[in-house]
Structures are given as structure tokens and as C-alpha cells.
Amino acid sequence: RWSLEMRGDAAVIIGETVVVIQDQTAHALSTVTGVHHWVHPIFGTLADTVNFASQFVVATKSESVMLSSDGVITQRLGPVLTLTATQDHLVAWGPNEALITVRQGTIISRWRLPALTLALQDRPALATSQSVLLFSNDWTFQVWDDAR
């Protein structure tokens, strides 16, 4: 249907819109026509992107944001290393804490995290409505819940 040459670092599709991250800029394009819907600057080193609750979540090591389908910032998440999206929750894994966000965009919980080490560089995890299961490289895990 259409062709557009871009050097994208990441892309996320929601409905008939694809957001491509190129040169610290988010470009929202129509999947039908290729026409730009909007452009939004991204600050920091790109870490991850996901589709969550019909929003574009762009994680950087400096400033992470949730963008509406119109390119408006709906939530600021701070520095994020990676994202874990489930059907109802988004976990933004920062260097020192995890933020749990619900579909409406509200941050419902925060957890202090153990320091990253040479042995622990990733934060593989699962999120539930009440807790986060943080897995370690040796297949053990820690449960972080509202009681902590």
C-alpha cells in the first residue's frame, strides 16, 4: 500500500497506528496510508516500548512516558530499564524501584528493588493485581506485595 524509509529502533502498533522510534523521536504513522499523525521527542537512551491499554509506552533510561493515541503524555514514569505488560497492569522497572500502573494510567504501587549487580542485569517478572514476582537467575523469586 505504501512505503516509507525510516531507520527505526523500535515500533509498536495500536489499531491502525504504528509508532516508530527513530533518532529520539516517536513518529505515529497510519498503517493504512503511511501519513504522519504526530511526532513526539523522546529524551534519553531508548530501553523498551510496549502497547498497554491502547497507549504507547516509551521507556528510556532518563524519562519514560505513556502517550495517548493522539501523542499526548498521560503519565510520566521517570527512568525505566524495561517494561512488563500484562492485560491489566504495567510494571515499569527502574534502576531502584518498580512502578505498577493500571489500565486507567494510575500508578497504584511502588516497590524498592534490590540493587542491580553483575549477576542480576535483567528484571524478569510477572505482575498481578496485588503483587510482583521478581525472578532471579537461579530460578528463585521474591514476591513484592501491598503488605511490604
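Values reported hereafter were calculated over all heavy atoms of this structure, with side chains retained and with hydrogens, waters and symmetry mates removed.
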Please report the interatomic distance [atom1]([X]) to [atom2]([Y]), rounded to the nearest 0.5 Å.
X    : Y    : atom1 : atom2 : value
S64  : R76  : OG    : CZ    : 11.0 Å
Q104 : Q75  : CD    : CD    : 12.0 Å
I21  : I42  : CD1   : CD1   : 5.0 Å
R110 : N96  : CZ    : CG    : 12.0 Å
L77  : I107 : CG    : CD1   : 5.5 Å
F56  : M66  : CZ    : CE    : 11.5 Å

If you take all heavy atoms of [X] and [Y], which pair is closest and at what distance?
X    : Y    : value
V18  : A11  : CG2-CB, 4.2 Å
F52  : V57  : CB-CG2, 4.0 Å
R103 : Q55  : O-NE2, 4.3 Å
K61  : P79  : O-CB, 3.2 Å
H89  : I100 : CD2-CG2, 3.9 Å
L90  : V50  : CD1-CG2, 4.0 Å

| Derivation and outcome, side-chain contact (heavy atoms from CB on, under 4.5 Å), residues I73 and L67 | CA-CA 5 Å; I73 295 174; L67 300 169; 3.6 Å; yes
Using only atom types and a distance under 3.5 Å, with no angle test, would you say the side chain of [X] pairs donor to acceptor with the backbone of [Y]?
X   : Y   : result
S30 : V32 : yes
N51 : I13 : yes
S68 : V72 : yes
W38 : L29 : no
T17 : G15 : no
Q24 : G44 : yes
T60 : L46 : no

| Does the side chain of W2 pick up a donor-acceptor pair with the side chain of T33 at under 3.5 Å? |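 Absent: no donor and acceptor within the cut-off.
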| Any chain of hydrophobic side-chain contacts (each under 4.5 Å) joining V12 to L83? |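 V12 and L83: separate clusters.
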